[in-house]
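Everything on this sheet refers to the single structure shown next.
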Amino acid sequence: MRHWLMKSEPSDYCFDDLVRDGYISWIGVRNYQARNFMRDDMRVGDGVLFYHSSCDEPGIVGLAEVSRLAHPDITQFDPSSPYYDPKATPEAPRWVHVDIRPIRKTRLLALPEIRDCPELANMRLLQRGNRLSITPVEPEEWHFILKRLES
DNA sequence: GCCAACGTTGGC
DNA sequence: GCCAACGTTGGC
């Protein structure tokens, strides 16, 4: 089982929304690296750190898990969608998404606190210029964060 | 609002 | 294939 960090802007969709909805289809990813993680590497049951970005207090706010394998993102075919991709066709879909479901809300593990942990210094999230909305989390990082969230 | 960093586009 | 221009991300 792998582990992931997934970013969402809470003004668009926050962890409480995920708890309310029971699951979310992670549509709208239009970056090839993030797509490839979903398509090639994400499996049902993989752990997910739910991260709030572009907000007052960026950081990890909850735990979730992958609940459905990657499948075509239908918004790519919809000319009225902001995620429309004229080069994608149902015969040759370009974009996929997984679903995730909530495990539990956690305390805020804020970005500055993450930065202050030497154990997390190599996190993909912290790497210079990283903008990926989906990044892998190493097992040691995952376990450290889970322990840290309890303190 | 600023701006660094990065990805994508498209002309050549 | 190169690369300038442009758009987006996301912390501050």
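Just so it is clear: chains get the letters A, B, ... in the order the sequence lines come, proteins before strands, and each one is counted from 1.
A/Arg101 places a side-chain heavy atom less than 4.5 Å from the side chain of A/Glu65.
In terms of modelled atom types and a separation under 3.5 Å, the side chain of A/His52 and the main chain of A/Phe15 share a donor-acceptor contact. A side-chain donor-acceptor contact under 3.5 Å links A/Lys7 to the backbone of A/Leu132. With hydrogens and angles disregarded, a donor-acceptor distance shorter than 3.5 Å links the side chain of A/His71 to the backbone of A/Leu69.
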Identify each donor-acceptor pair in which a side-chain atom of residues 31-48 of chain A lies under 3.5 Å from a protein atom, sequence neighbours left out, and give them as a table.
residue : atom : partner : partner atom : Å
A/Asn31 : OD1  : A/Gln33 : N            : 3.0
A/Asn31 : OD1  : A/Ala34 : N            : 3.0
A/Tyr32 : OH   : A/Arg94 : NH1          : 3.1
A/Arg35 : NH1  : A/Arg94 : O            : 3.0
A/Asn36 : OD1  : A/Arg39 : NH2          : 3.3
A/Asn36 : ND2  : A/Tyr32 : O            : 3.3
A/Arg43 : NH2  : A/Asp40 : O            : 3.2
A/Asp46 : OD1  : A/Arg2  : N            : 3.2
A/Asp46 : OD2  : A/Trp4  : NE1          : 2.9
A/Asp46 : OD2  : A/Arg43 : N            : 3.0

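Think of the region where chain A sits on DNA chain B: with heavy atoms and a 4.0 Å cut, that region ends 5' and 3' at B/dA5 to B/dT8.
Transitive grouping of hydrophobic side chains (ILVMFWY, heavy atoms separated by less than 4.5 Å) brings A/Val19 and A/Trp26 into a common cluster.
Using a 4.0 Å heavy-atom criterion, one finds that A/Arg30 contacts no nucleic acid atom at all.
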Practice item. Take A/Lys147 and A/Glu119 through the salt bridge (Lys or Arg N to Asp or Glu O under 4.0 Å) test and state the conclusion after the steps. Key: CA-CA 12 Å; A/Lys147 201 184 304 178; A/Glu119 296 88 346; over 6 Å; no
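For DNA chain B, the residues of residues 119-136 of chain A within the heavy-atom distance limit of 4.0 Å (strictly under) are A/Arg128, A/Gly129, A/Arg131, sorted by number.
A residue-by-residue look at A/Gln33 and A/Lys87 shows that A/Gln33 has its nearest nucleotide of DNA chain B further toward the 5' end.
To the nearest 0.5 Å, atoms CG (A/Asn122) and CD (A/Glu138) are separated by 9.0 Å.
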